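Scroll down for the structure; my scribbles are underneath it.
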Amino acid sequence: MDINNIVKKGPLYSGKAKSIYEVDEDKVLIEFRDDITAGNGAKKDVKEGKGYLNALISSYLFKKLEENGVETHFIEYIEPNYMLAKRVEIIPIEVIVRNIAAGSLCRRYPFKEGEVLKRPIVQFDYKNDEYNDPMLNEDIAYNLGLATDEELKKMREIALKVNNILKKVFDDVGIDLVDFKIEIGRYKGKLVVADEISPDTMRLWDKETKDILDKDVFRKDLGDVIGKYKVVAKRLKLI
Ligand code: 5GP
C-alpha cells in the first residue's frame, strides 16, 4: 500500500517517538518519527533515518511473531516509516523480559551487568510517566484496575513466547537479545502484542564483540546510534 492512498485523521495520539493516526474504526496508522528520547524525555534529539529503520525492524519482527503463532496488531509495513495496525486498547503495562542482566535490573539489584540469568525474568512496569514507570506486582496491577488476573497470567505467557521467538531470530544473526519491552492490547476479546519492537525497546549485543546495537548508545552517549540500528537491519537482511 502507498502512504498517499491512506486517508488519515488525527493524530489520535502523539508520543515521544511515534504518532498514531486513525484510519477507520478498526485500524490505525503508526508513524515512526526520527525523534529519540531517553530518561522519560529528559534527553532528546532527532536522528535522521531512525523512524524508517524502526518501522522496518518492527514490521519484520511482528511478522516473525505472527508466523510463529503469536497474535499482534500488525497489518502491513508502509514505506518509509509507517505501519498499518489493528486499533487496540493498550493495557498500560510495560511487559519486560530479561535474558541477561543490564540496565535498571543492575541498578536496583545485585546482578552483574552481562550476567546470563538462570531463567528469563518477566517484569511488569506501570506505564505512567508521572510516577516514573514503577514496577508492579499482580495485586497492585489488579487494584489499579489495569488488568484482570487472567489477563496478567496470559501476558506472562505471551511475553515468554515472544522471548523464545525473538531470541532465535537474533541468535541466528549473531546478536544476543539481552532484554526487551513489549506492550499488549485488547482486540476483539483477545490479547495481542502491539506498539513497537525495535532497537528503541530492546537491548541487543553483538555476540562476539559485545558491541551495543540499541538505544543504550544514545542513552549513554556511546556514538552513532543510527549506524548501530543499521547494523541490526542489515543483519536481518532488511536493508
Ligand atoms: P530497563 O528496565 O533495564 O531500563 O529496561 C529493560 C528493557 O525494556 C530495555 O530493553 C529497554 O529498552 C526497555 N524499556 C523499558 N522501559 C522502557 C520505556 O519506557 N521505553 C522504551 N523505549 N523502552 C523501555
Side-chain angles (χ1 to χ4, degrees), residues 13-20 30-47 50-51 53-55 57-58 61-62 83 90-117 119-137 141 146 155-156 158-160 162-163 165-167 169-170 175-185 193-206 210-222 225-226 228-229 232:
Y13 169 83
S14 203
K16 294 195 264 288
K18 295 190 299 297
S19 299
I20 316 288
I30 303 176
E31 178 188 14
F32 290 75
R33 305 195 317 266
D34 286 344
D35 301 280
I36 186 162
T37 71
N40 195 5
K43 186 171 167 179
K44 289 187 217 188
D45 206 345
V46 178
K47 298 283 178 190
K50 197 200 78 148
L53 290 163
N54 277 0
I57 294 168
S58 268
L61 295 177
F62 278 123
M83 194 167 91
I90 291 279
I91 298 173
I93 295 180
E94 298 188 337
V95 181
I96 295 168
V97 183
R98 302 173 187 275
N99 297 303
I100 297 174
S104 69
L105 190 72
C106 300
R107 288 198 298 276
R108 292 174 176 162
Y109 305 94
F111 285 103
K112 265 209 334 273
E113 168 137 320
E115 173 182 344
V116 177
L117 298 168
R119 66 175 192 214
I121 292 174
V122 178
Q123 177 186 332
F124 292 153
D125 283 3
Y126 184 20
K127 192 174 153 66
N128 184 317
D129 285 346
E130 192 187 339
Y131 286 83
N132 252 314
D133 298 351
M135 200 193 295
L136 295 166
N137 70 21
L146 305 181
M155 285 164 77
R156 181 180 158 86
I158 293 170
L160 289 169
V162 168
N163 186 43
I165 298 163
L166 295 185
K167 231 168 56 173
V169 166
F170 286 108
I175 293 173
D176 275 330
L177 175 63
V178 174
D179 57 31
F180 64 90
K181 181 263 299 185
I182 52 171
E183 294 184 22
I184 291 176
V193 180
D195 192 52
E196 69 175 297
I197 311 173
S198 73
D200 270 15
T201 60
M202 296 181 278
R203 282 197 177 93
L204 302 169
W205 294 350
D206 184 288
K210 304 292 167 200
D211 200 18
I212 297 173
L213 305 173
D214 57 70
K215 197 163 91 169
D216 272 352
V217 172
F218 174 73
R219 293 188 187 104
K220 300 179 178 177
D221 287 317
L222 300 175
V225 67
I226 293 301
K228 303 299 183 184
Y229 286 31
V232 175

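If you're wondering where the values come from, they're calculated on a predicted model, not measured in any experiment. Each ligand, and each atom within it, is numbered from 1 in the order the structure gives.
With sequence neighbours left out, R219 forms a salt bridge (Lys or Arg N to Asp or Glu O under 4.0 Å) with D216. A search for salt bridge (Lys or Arg N to Asp or Glu O under 4.0 Å) contacts involving E31 returns nothing, not counting sequence neighbours. Residues that satisfy the ring-ring contact (aromatic ring centres under 6.0 Å, His included) test with F62, not counting sequence neighbours, are H73.
Remark: the N99 side chain and the D176 side chain contain no N/O donor-acceptor pair separated by less than 3.5 Å.
A distance limit of 4.0 angstrom between heavy atoms and ligand 1 selects the residues E94, I96, R98, A102, G103, S104, D133, D179, F180, K181, D200, T201, M202, R203, K215, R219.
The closest donor-acceptor contact from the side chain of D125 to the backbone of E94 lies at 3.5 Å or more, if one exists at all.
Of the charged side-chain nitrogens involved, none lies within less than 4.0 Å of a carboxylate oxygen, so that D195 and K127 do not count as a salt-bridged pair.
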